[in-house]
Chemist: 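So that we are looking at the same thing, I have put the structure below in structure tokens.
None of these values were measured; they are calculated from a predicted model. Side chains included, hydrogens not; waters and symmetry mates left out as well; all remaining heavy atoms used.
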Amino acid sequence: MERRSFLKMSAALGCAASVTGCKTSSDDANVVPPKPPVGEEQITWSSCLVNCGSNCPVKVFSRDGVITRVETDHDVVDGDDIYQVRACARGRSLRQRTYAVDRLKTPMKRVGKRGEGKFVPISWDEAAKTIGTKLSSVINEHGNKAIFRSYGSGAYYGFASNACFNRLFNLNGGCLNAYGNYSWAQQMEAAKYTFGTGSTTGSSTVTLSNSDFLLGVAYNPSEIRQSGSGEGFDYLKALQKSNGLKVVMIDPRYTDSMLGKESKWLPIRPGTDAAFAEAIAYQMISSGWVDANSLDFINKYAVGFDADSIAAQQALFAASGDATKQEYAKVMKPEENYRDYILSQGIYSEQPLKTTEWAEKITGIPAAQLEQIATDLQNAKAPYIVVGAGVNRQANGEQSMRALYMLSVLTGKLGTLGSSNGELPYMSSMSRAGIPTGSNPVKESISFFTWSEAIHHGETMTARSHGVRGTDGLDTPLGTNIKVIISASDSSLLNQHAEINNTAKILEDETGVELIVSCDCWMTPGAKFADIILPDTSWLESNDLVNDSYASGALGYITAMKSAIEPMWDCKSMYEASALIAKYMGCEAEFTEGKTEEQWLEELYQKTKDNSNNLGVYPAFPATYKEAQEIGFFRKNMNDKHVALESYIKGGKPLSTPSGKIEIYSAELAWRAANWDQESKTQVKGDTITAIPQYTVTWDGYEDTDTSTDYPFQLAGYHTKGRTHSSYHNVPWLREAVEDAVWVNPMDASEQGLSSGDEIEMYNERGSIAVKVRITPRVAPGVLALGQGAWFKPGNTLGSTGHIIDEGGAINSLTRYQPSPVAKGNPQHTNRVAIKKI
């Protein structure tokens with residue numbers, strides 16, 4: 001029984017006892033005591049909306065205004081097309097998260113220094129007036145580019161999401177745009193300049209059942225996509241259907257996506273994936289296999305394999321009459337071709353041969369195993385190659401991604417059912433209407449990752465130096481520093497950004513950003529740095545309409561969420577919060593359009609119901625949103641067997657690259673290499689751009705001799721099953737279920753004198769964290785593996801490099817702020833550290 005219900009029942013029974021105890025008549029003994037005020041159990045549908053890619057539905061049970069338990073979907077019998085969407089442990093712990101002790105209950109303003117976490121309650125009116133007035137004054141003084149909504153994925157689904165703030169800003173002249181994201185920044189650029197795609201249009205996971213060889217590099221759907229309907233589920237089903245499939249997994253960790261499901265696990269040193277790819281390419285080309293089997297395919301569908309193809313494309317660009325393409329032609333160099341690079345010929349003749357023996361010394365994978373992979377790719381009729389996003393979050397991860405994408409091109413089997421091009425699998429989804437945000441009048445945008453630098457140096461940031469987009473020319477500065485940050489369900493304000501200790505100093509400095517607003521449900525590490533805190537409603541307190549997100553697999557679905565309880569304390573939705581601020585910016589009528597939340601949801605439901613993509617949903621959509629809420633959950637198998645590049649290879653549709661072909665040699669990257677600041681200017685090791693993919697020795701990489709002596713271990717971050725990024729870290733159930741410990745190989749543990757359960761300090765020049773040890777052979781020697789997303793919690797003890805030890809174990813206390821060369825993205829899996837027992 002819940003405490004609230006228990007107290008109500010106790011009070012009622014106590015009242016009954018006092019009534020009968022005060023009477024002396026024998027008739028009074030027969031008085032029936034009043035029934036305890038406990039109502040009937042209510043069942044509503046909600047959803048787990050963290051950014052794992054699945055948006056699993058949850059069934060919420062409540063009684064008398066109190067949530068009693070949360071269950072998952074079990075309303076249908078599993079079949080081939082329609083099946084249950086079972087939430088993982090995170091979704092099932094939503095009751096604990098909703099009632100967490102650190103829930104934000106009322107608007108607050110800061111009274112101490114930023115980061116101290118000292119606040120006093122204020123009214124919603126005061127909070128909205130403070131924010132609205134400051135936004136207006138900053139826009140008047142500095143322009144709209146001084147306003148920034150930092151990237152946050154903790155609640156960007158549904159109607160009452162952080163999109164409401166985008167709507168607010170766009171009604172007032174816009175704000176500084178950001179491109180890219182913390183998950184896929186470098187792979188998006190790599191795919192764009194190779195295939196003209198966005199890095200998530202690989203063959204659907206279900207087509208894996210038609211493959212005879214799977215090469216997965218850092219591919220881990222069983223942990224990343226735990227949903228009972230998502231990519232991980234499709235992966236398991238495909239493996240079961242394809243009994244003859246050979247599965248080779250390349251990863252520093254032995255993940256749950258293996259556990260006997262793989263044919264072979266080959267541990268690799270972090271950041272050496274391009275060397276791995278180049279050794280396989282060398283085998284395929286030097287042996288004559290490519291010339292005999294796939295060269296015709298490459299010559300027809302790609303540009304850049306050899307000098308002649310580059311020269312031919314250069315001539316086409318020069319004669320095109322297109323100014324951009326003519327600029328490309330001026331900087332293209334046929335001698336910088338892929339064949340010569342791999343075979344160490346021509347201008348690359350002094351480079352070492354990319355043999356498997358060469359790669360073994362770098363990657364740690366035996367030469368014989370590399371040769372076998374090359375043979376497997378050559379022999380496979382439909383090789384399915386897939387590269388996980390962990391590869392792209394490295395120093396110069398763009399190079400690693402492009403290098404791995406090349407393997408699919410060399411096979412000459414793209415466009416075949418069961419094959420894939422290395423991109424993440426394409427995921428179909430049901431469609432959902434959302435609140436219109438309008439267009440942003442501000443044309444300039446910065447990389448999502450460079451916001452902390454733009455607080456003090458935005459005025460001078462350019463396209464040449466920082467990849468700023470939308471400016472007039474390479475050297476036109478952005479012209480404005482960031483003065484206001486709105487952080488909505490966003491742990492990238494501190495915890496998920498790089499180099500936490502330095503970021504904290506930037507945020508503490510009130511001469512930089514003048515107002516920080518945090519809209520969230522919990523007192524996160526970043527919320528402690530806010531000037532104004534706005535308490536958001538949790539999902540179980542919300543009415544909303546959400547779809548199945550971007551990695552839910554073959555099954556699409558819509559959840560018509562219904563609040564299980566009324567919003568607690570003084571919490572308001574992001575829609576309500578934005579509307580209140582709009583009042584003080586003079587655009588309340590335009591923001592609300594005179595509609596209530598209920599009216600908005602009905603309108604959006606009708607658009608969703610009428611969308612042709614949703615035809616055939618089960619059960620059928622009812623007439624109104626309220627009726628849909630009573631049903632709660634709707635599903636449809638999208639039956640999408642997308643094959644990567646099939647429309648190009650078999651359908652003749654040109655790609656969205658400058659050449660319209662697969663670009664082994666990227667014209668755009670050749671231009672950037674000639675015009676953007678690189679290592680010679682930045683003095684950052686590995687900060688290079690090349691037209692063809694090349695293995696690059698980078699700062700803090702395996703071959704970085706500058707740091708390998710002081711910091712002998714490579715540290716790999718990964719996504720744990722107990723959090724989605726940093727979301728759910730404050731749920732004790734999940735901290736018990738999924739241990740927050742650093743994985744250490746037994747050989748390394750023996751050398752360091754460590755036992756499982758020991759606490760160590762893990763440190764480098766950027767910070768120190770305290771974390772427990774788990775000794776396991778499931779991590780490569782010389783590599784430490786730590787789940788990312790733990791909440792930053794500075795203690796009182798100085799660490800080995802002079803930083804306060806982070807007792808929370810946040811890996812970003814150790815990561816470096818160093819935007820990558822092309823995407824200007826986050827390289828947060830490139831780390832070197834030292835350790836010592838505490």
Side-chain angles (χ1 to χ4, degrees), residues 45-60 70-94 153 157-158 200 202-209 219-242 255-257 261 386 388 424-432 539 544-561 608 611 613-621 628 631-642 719 721 724 727-728:
W45 284 91
S46 189
S47 187
C48 174
L49 301 180
V50 288
N51 179 19
C52 75
S54 291
N55 283 4
C56 289
V58 291
K59 190 179 290 188
V60 186
V70 172
E71 294 184 4
T72 187
D73 171 39
H74 47 74
D75 278 19
V76 298
V77 176
D78 284 346
D80 289 335
D81 288 331
I82 298 295
Y83 37 85
Q84 297 172 14
V85 183
R86 303 175 194 141
C88 74
R90 296 177 299 223
R92 297 175 196 230
S93 69
L94 270 171
S153 64
Y157 305 101
T200 58
S203 298
S204 300
T205 316
V206 294
T207 67
L208 183 57
S209 61
Y219 185 55
N220 184 21
S222 294
E223 290 182 79
I224 305 296
R225 318 288 192 207
Q226 293 181 76
S227 166
S229 169
E231 182 183 351
F233 182 74
D234 286 355
Y235 167 71
L236 292 176
K237 288 178 67 178
L239 292 185
Q240 292 166 357
K241 290 180 180 179
S242 185
T255 70
D256 284 11
S257 295
K261 298 185 283 289
V386 58
L424 290 177
Y426 172 81
M427 297 285 164
S428 51
S429 177
M430 290 186 69
S431 301
R432 173 197 60 85
W539 303 318
D544 215 320
L545 186 68
V546 297
N547 67 348
D548 49 307
S549 192
Y550 60 85
S552 60
L555 192 71
Y557 42 91
I558 295 278
T559 307
M561 295 166 53
T608 300
N611 190 295
N613 188 52
N614 298 340
L615 291 175
V617 67
Y618 174 81
F621 286 131
I631 297 172
F633 190 56
F634 307 84
R635 67 195 94 202
K636 171 190 174 183
N637 195 303
M638 307 305 286
N639 290 313
D640 197 333
K641 295 186 177 180
H642 173 79
H719 291 63
K721 292 176 288 185
T724 299
S727 295
Y728 283 102

Chemist: For the NZ atom on Lys237, are there more than 12 heavy atoms of other groups (residues, nucleotides or ligands in this structure) within a distance under 6.0 Å?
Modeler: yes

Chemist: Can you find a heavy atom in the side chain of His642 that is under 4.5 Å from one in the side chain of Thr207?
Modeler: no

Chemist: Hey, which of Asp75, Thr72, Val85 is the one that makes side-chain contact (heavy atoms from CB on, under 4.5 Å) with Pro57?
Modeler: Val85

Chemist: Go through the side-chain N and O atoms of Thr205 and Asp234 and say whether any donor and acceptor fall under 3.5 Å apart.
Modeler: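 No pair is found: no donor N or O on one side chain lies under 3.5 Å from an acceptor on the other.
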
Chemist: Who pairs with Phe634 by ring pair (Phe, Tyr, Trp, His ring centres under 6.0 Å), at least two apart in sequence or on another chain?
Modeler: Phe621

Chemist: What distance separates Arg635 CZ from Met430 CE, expressed to the nearest 0.5 Å?
Modeler: 11.0 Å

Chemist: Taking the side chain as everything from C-beta on, heavy atoms only, tell me whether Val76 gets closer than 4.5 Å to Tyr618.
Modeler: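 Touching, per the 4.5 Å side-chain cut-off.
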
Chemist: Taking Lys721 for the side chain and Ala89 for the main chain, is one N or O donor matched with an acceptor at less than 3.5 Å?
Modeler: no

Chemist: Taking atom NZ of Lys59 and atom CZ of Phe633, what is their separation to the nearest 0.5 Å?
Modeler: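 Lys59 NZ to Phe633 CZ: 11.0 Å, rounded to 0.5 Å.
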
Chemist: Less than 4.5 Å apart, side chain to side chain, heavy atoms only: is that true for Thr200 and Met427?
Modeler: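 A side-chain contact is absent here, since even the closest heavy-atom pair is not under 4.5 Å.
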
Chemist: For the residue pair Ser257 / Tyr219, report whether a side-chain donor-acceptor contact shorter than 3.5 Å exists.
Modeler: no

Chemist: Less than 4.5 Å apart, any side-chain heavy atom of Ser229 and any of Tyr83?
Modeler: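 Yes - at least one pair of side-chain heavy atoms lies under 4.5 Å apart.
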
Chemist: Locate the shortest heavy-atom distance separating Ala551 from Arg225; write the atom from each residue and the value.
Modeler: CB-NE, 3.5 Å

Chemist: Minimum heavy-atom separation for Ser428 to Ser552, with atom names?
Modeler: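 Scanning both residues completely, I find the closest heavy atoms to be O-OG, 4.2 Å.
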
Chemist: What pairs with Tyr550 under ring pair (Phe, Tyr, Trp, His ring centres under 6.0 Å), at least two apart in sequence or on another chain?
Modeler: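 Checked Tyr550 against ring pair (Phe, Tyr, Trp, His ring centres under 6.0 Å); matches are Trp184.
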
Chemist: Within the 4.5 Å heavy-atom criterion, are Trp45 and Asp73 side-chain neighbours or not?
Modeler: yes

Chemist: Hey, which of Asp548, Asp640, Asn55 is the one that makes side-chain hydrogen bond (donor to acceptor under 3.5 Å, both in side chains) with Ser429?
Modeler: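 Testing Ser429 for a side-chain hydrogen bond (donor to acceptor under 3.5 Å, both in side chains) against Asp548, Asp640, Asn55 leaves exactly one candidate, Asp548.
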
Chemist: Shortest non-hydrogen contact from Ile224 to Arg90?
Modeler: O-NH2, 4.4 Å

Chemist: Kindly compute the distance separating SG (Cys56) from CZ (Arg92), expressed to the nearest 0.5 Å.
Modeler: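 Cys56 atom SG to Arg92 atom CZ measures 9.0 Å (nearest 0.5 Å).
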
Chemist: Can you measure from CG (Asp78) to CG (Asp81) and round to the nearest 0.5 angstrom?
Modeler: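 The CG atom of Asp78 sits 12.0 Å away from the CG atom of Asp81.
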
Chemist: Taking C-beta and beyond as the side chain, do Val617 and Ile558 meet within less than 4.5 Å on heavy atoms?
Modeler: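 With C-beta onward as the side chain, the pair stays apart.
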
Chemist: Kindly determine whether Ser549 and Tyr157 satisfy side chain to side chain donor-acceptor pair (under 3.5 Å), including the steps that lead there.
Modeler: CA-CA 8 Å; Ser549 192; Tyr157 305 101; 3.1 Å; yes

Chemist: What do the steps show when you test Arg432 against Asp544 for salt bridge (Lys or Arg N to Asp or Glu O under 4.0 Å), and what is the final call?
Modeler: CA-CA 11 Å; Arg432 173 197 60 85; Asp544 215 320; 5.6 Å; no

Chemist: Quick check: closest heavy atoms across Gln226 and Cys88, and the distance to 0.1 Å?
Modeler: CB-CB, 3.8 Å

Chemist: Could you go step by step and tell me if Leu94 and Cys48 meet the side chain to side chain contact (heavy atoms under 4.5 Å, CB included) rule?
Modeler: CA-CA 8 Å; Leu94 270 171; Cys48 174; 4.1 Å; yes

Chemist: May I ask you to check whether over 12 heavy atoms, not counting those of Lys641, lie within 6.0 Å of atom NZ?
Modeler: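 Atom NZ in Lys641 is not crowded, with 12 or fewer foreign heavy atoms closer than 6.0 Å.
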
Chemist: Might you confirm whether atom CG of Asp80 has over 12 heavy atoms from other residues, nucleotides or ligands at distances under 6.0 Å?
Modeler: no

Chemist: Would you give the length of the straight line joining atom OG of Ser54 to atom OH of Tyr557, rounded to the nearest 0.5 angstrom?
Modeler: 4.5 Å

Chemist: Which atoms form the tightest heavy-atom contact between Val58 and Gly91, and what is the distance?
Modeler: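 The answer is CG1-O, 3.8 Å.
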
Chemist: Kindly compute the distance separating OG (Ser222) from CG (Leu236), expressed to the nearest 0.5 Å.
Modeler: 4.5 Å

Chemist: Where is the tightest heavy-atom contact between Glu223 and Thr255, given as atom of each residue plus distance?
Modeler: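 Answer, listing the atom of Glu223 first, then Thr255: OE2-CB, 3.2 Å.
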
Chemist: Is Asn547 reaching over with its side chain to a backbone N or O of Gly556, donor-acceptor style, under 3.5 angstrom?
Modeler: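 The answer is no, because no donor-acceptor pair under 3.5 Å joins these two groups.
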
